[in-house]
Visitor: 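Mind looking over this structure? Questions follow.
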There are 2 protein chains.
Amino acid sequence: METASAPPPEERRRDAAATRRRLLEAARDLFAERGYEGTTVRVIAARAGVNQALLFRYFGSKRGLLTEVVALGGLEQLRATPPEELFETALRSMLTRSTEGPEDRSLEVYLRSVGRGDEAAGTLRELGEAYQSALAGLSGAPDGALRADLAMAWLLGIGLMRTVVAREPLAGADPDEVCRLVLGTLGHLWAEPKPGEDGE
Amino acid sequence: METASAPPPEERRRDAAATRRRLLEAARDLFAERGYEGTTVRVIAARAGVNQALLFRYFGSKRGLLTEVVALGGLEQLRATPPEELFETALRSMLTRSTEGPEDRSLEVYLRSVGRGDEAAGTLRELGEAYQSALAGLSGAPDGALRADLAMAWLLGIGLMRTVVAREPLAGADPDEVCRLVLGTLGHLWAEPKPGEDGE
DNA sequence: TACCGTTGTAAGCAGCTGCTTACATCCGGG
DNA sequence: CCCGGATGTAAGCAGCTGCTTACAACGGTA
């Protein structure tokens with residue numbers, strides 16, 4: 001069938017690297033959609049079109065898979081995005097379910113995986129702290145970290161409300177409109193003065 | 001010990017009503033702390049000091065228990081609270097883990113139980129819509145429902161961030177301070193104009 | 001061609017989940 | 001007293017979870 005003149009990729013039938021990548025991509029999307037605990041290894045393997053035992057061969061555990069997913073495009077891409085665009089980027093990617101191209105889903109993965117227990121704690125905490133310190137600088141206030149946490153909390157809540165309860169009008173709202181409302185309001189959070197202090 | 005002059009309660013050893021109530025209270029607290037899916041029937045029964053089979057005798061299913069928990073202090077107490085105090089009341093009860101007295105935990109139960117799937121959907125959706133319409137009136141804007149959703153999303157996110165990831169500084173922050181920041185910021189959400197429209 | 005590590009597969013493990021069943025025990029009314 | 005429904009208990013069900021094991025099949029190398 002295929003002309004043998006093109007040697008390189010040619011769809012190898014047994015390809016560990018490709019299998020790893022497919023698992024990684026399936027896990028990235030599923031974790032972002034359903035959270036860590038809401039995603040089963042069987043579903044990950046199925047979406048990747050791979051036997052689930054291979055997940056454990058290549059990543060050791062479900063937790064190990066999460067670690068690699070987060071490490072993959074996560075911290076690095078975070079550092080490449082200017083802080084003032086960080087929140088809007090994350091919010092927009094959370095509001096649009098397009099999922100095309102290698103977007104930065106790391107914040108989304110983090111926020112959606114936050115639910116329930118210590119299972120996913122360690123790895124995700126690191127990513128969360130990185131985002132926290134990036135956002136903290138946006139407010140001149142000395143409690144910038146707290147304000148950053150509140151902003152992330154809102155992001156988390158919006159994501160859950162949209163995809164999990166899917167309640168109208170939030171679920172079907174125009175992303176631009178939601179973005180405008182949230183970003184406009186958050187501007188005031190950064191500026192809100194501490195009690196007993198003048199502005200910045 | 002006890003004078004026999006008071007016949008009525010006297011701690012009956014087999015008391016269906018008391019057992020029901022203990023299960024209800026245990027479930028209310030646990031659902032608020034861990035969410036619906038994060039709470040197992042065995043844990044509920046254990047905290048209530050009751051055999052878990054009785055949970056099914058009295059409520060039919062875990063879902064049935066949730067329905068009664070929500071119906072209990074939920075919608076009724078919601079209607080008794082003026083809308084402008086609703087958000088602050090819910091936020092405060094979420095920020096303080098005191099858990100003393102029969103507080104209105106209904107919004108907390110709702111928000112914490114929102115995670116994952118359709119399991120708890122029906123009953124909780126009703127409660128959520130009641131809160132939504134109550135909050136929607138706070139903004140004069142025609143998209144008040146959307147803004148109400150966004151406010152509830154923030155509440156949900158703050159609760160999850162505090163109890164689940166327990167990340168500093170949000171986890172240990174002074175409730176009054178958090179309250180002030182959030183309420184101050186939300187004031188701007190109610191006032192934020194729609195594009196192409198003047199204020200209200 | 002014969003070999004052997006790499007890759008893929010099927011089955012099953014223990015532990016958890018919500019829920020059910022069969023059975024003790026209490027206790028008020030006859 | 002004693003019977004029978006109400007109440008409480010122990011055990012177990014099927015189905016799910018993350019994970020492991022024993023084995024088959026491929027394919028580069030010697």
Side-chain angles (χ1 to χ4, degrees), chain A residues 2 4 7-24 26-27 30-31 34-69 113 115-124, chain B residues 4 7-24 26-27 30-31 34-69 113 115-123:
Chain A
E2 55 245 333
E10 201 177 348
E11 272 195 26
R12 298 176 43 183
R13 295 193 291 181
R14 299 168 80 93
D15 189 336
T19 299
R20 261 191 70 104
R21 183 170 33 77
R22 296 176 69 175
L23 282 169
L24 233 21
L30 284 166
F31 287 161
R34 318 184 184 184
Y36 176 75
E37 307 249 330
T39 306
T40 72
V41 292
R42 282 169 179 81
V43 170
I44 297 173
R47 180 173 293 195
V50 156
N51 188 290
Q52 59 135 335
L54 295 179
L55 186 157
F56 294 95
R57 164 130 59 215
Y58 292 131
F59 301 98
S61 66
K62 183 189 176 188
R63 178 68 193 281
L65 216 200
L66 173 67
T67 302
E68 290 223 26
V69 163
S113 302
R116 192 82 309 97
D118 307 332
E119 187 64 22
T123 307
L124 292 175
Chain B
E10 202 176 347
E11 272 192 27
R12 298 177 43 182
R13 294 193 292 183
R14 295 169 85 94
D15 189 336
T19 299
R20 260 189 72 101
R21 183 172 29 79
R22 296 175 69 175
L23 282 168
L24 233 19
L30 285 166
F31 287 161
R34 319 185 184 184
Y36 176 74
E37 308 249 332
T39 306
T40 71
V41 294
R42 284 168 178 79
V43 171
I44 297 173
R47 181 174 293 195
V50 155
N51 188 290
Q52 61 134 337
L54 295 179
L55 188 157
F56 294 94
R57 166 127 63 210
Y58 293 131
F59 300 98
S61 67
K62 184 189 176 189
R63 179 69 193 281
L65 218 199
L66 173 67
T67 301
E68 290 223 25
V69 163
S113 301
R116 193 81 306 100
D118 307 332
E119 187 66 23
T123 306

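Naming convention: chains lettered A, B, ... in sequence-line order (proteins, then strands); numbering from 1 in each chain.
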Visitor: Pick out which of A:Ile44, A:Leu65, A:Leu54 makes a side-chain contact (heavy atoms from CB on, under 4.5 Å) with A:Phe59.
Guide: A:Leu65

Visitor: When rounded to the nearest 0.5 angstrom, what distance separates CG in A:Leu23 from CD in A:Gln52?
Guide: 10.5 Å

Visitor: Say you draw a straight line from CG of B:Leu55 to CZ of B:Arg42; how long is it, rounded to the nearest 0.5 Å?
Guide: 11.0 Å

Visitor: On DNA chain D, check which nucleotide each of A:Thr40 and A:Gly60 is closest to and give me the residue with the more 5' one.
Guide: A:Thr40

Visitor: Using a 4.5 Å cut-off on heavy atoms from C-beta on, say whether the side chain of A:Val41 contacts that of A:Phe56.
Guide: yes

Visitor: Distance check, rounded to the nearest 0.5 Å: B:Lys62 atom NZ versus B:Tyr36 atom OH?
Guide: 5.0 Å

Visitor: Between B:Lys62 (NZ) and C:dC16 (P), how many Å, whole number?
Guide: 16 Å

Visitor: Quickly work out the B:Leu23 CG to C:dG18 C1' distance and round it to whole Å.
Guide: 15 Å

Visitor: Would you tabulate the nitrogen or oxygen pairs shorter than 3.5 Å linking the protein to nucleotides 8-14 of chain D?
Guide:
from: D:dG8; atom 1: OP1; to: B:Thr19; atom 2: OG1; distance (Å): 3.0
from: D:dG8; atom 1: OP2; to: B:Tyr58; atom 2: OH; distance (Å): 3.1
from: D:dG8; atom 1: N7; to: B:Arg57; atom 2: NH2; distance (Å): 2.3
from: D:dG8; atom 1: O6; to: B:Arg57; atom 2: NH2; distance (Å): 3.2

Visitor: Mind calculating the distance between CZ (A:Phe56) and C1' (D:dT20) to the nearest angstrom?
Guide: 9 Å

Visitor: Figure out the CG/P separation between B:Leu55 and C:dT21, and round it to whole Å.
Guide: 16 Å

Visitor: Check whether any side-chain heavy atom of A:Glu37 lies under 4.5 Å from a side-chain heavy atom of B:Glu37, and answer yes or no.
Guide: no

Visitor: Expressed in angstrom and rounded to an integer, what is the separation of A:Ile44 atom CD1 from D:dC16 atom C1'?
Guide: 15 Å

Visitor: Round to a whole Å and report the spacing from CG of B:Leu66 to P of C:dG18.
Guide: 13 Å

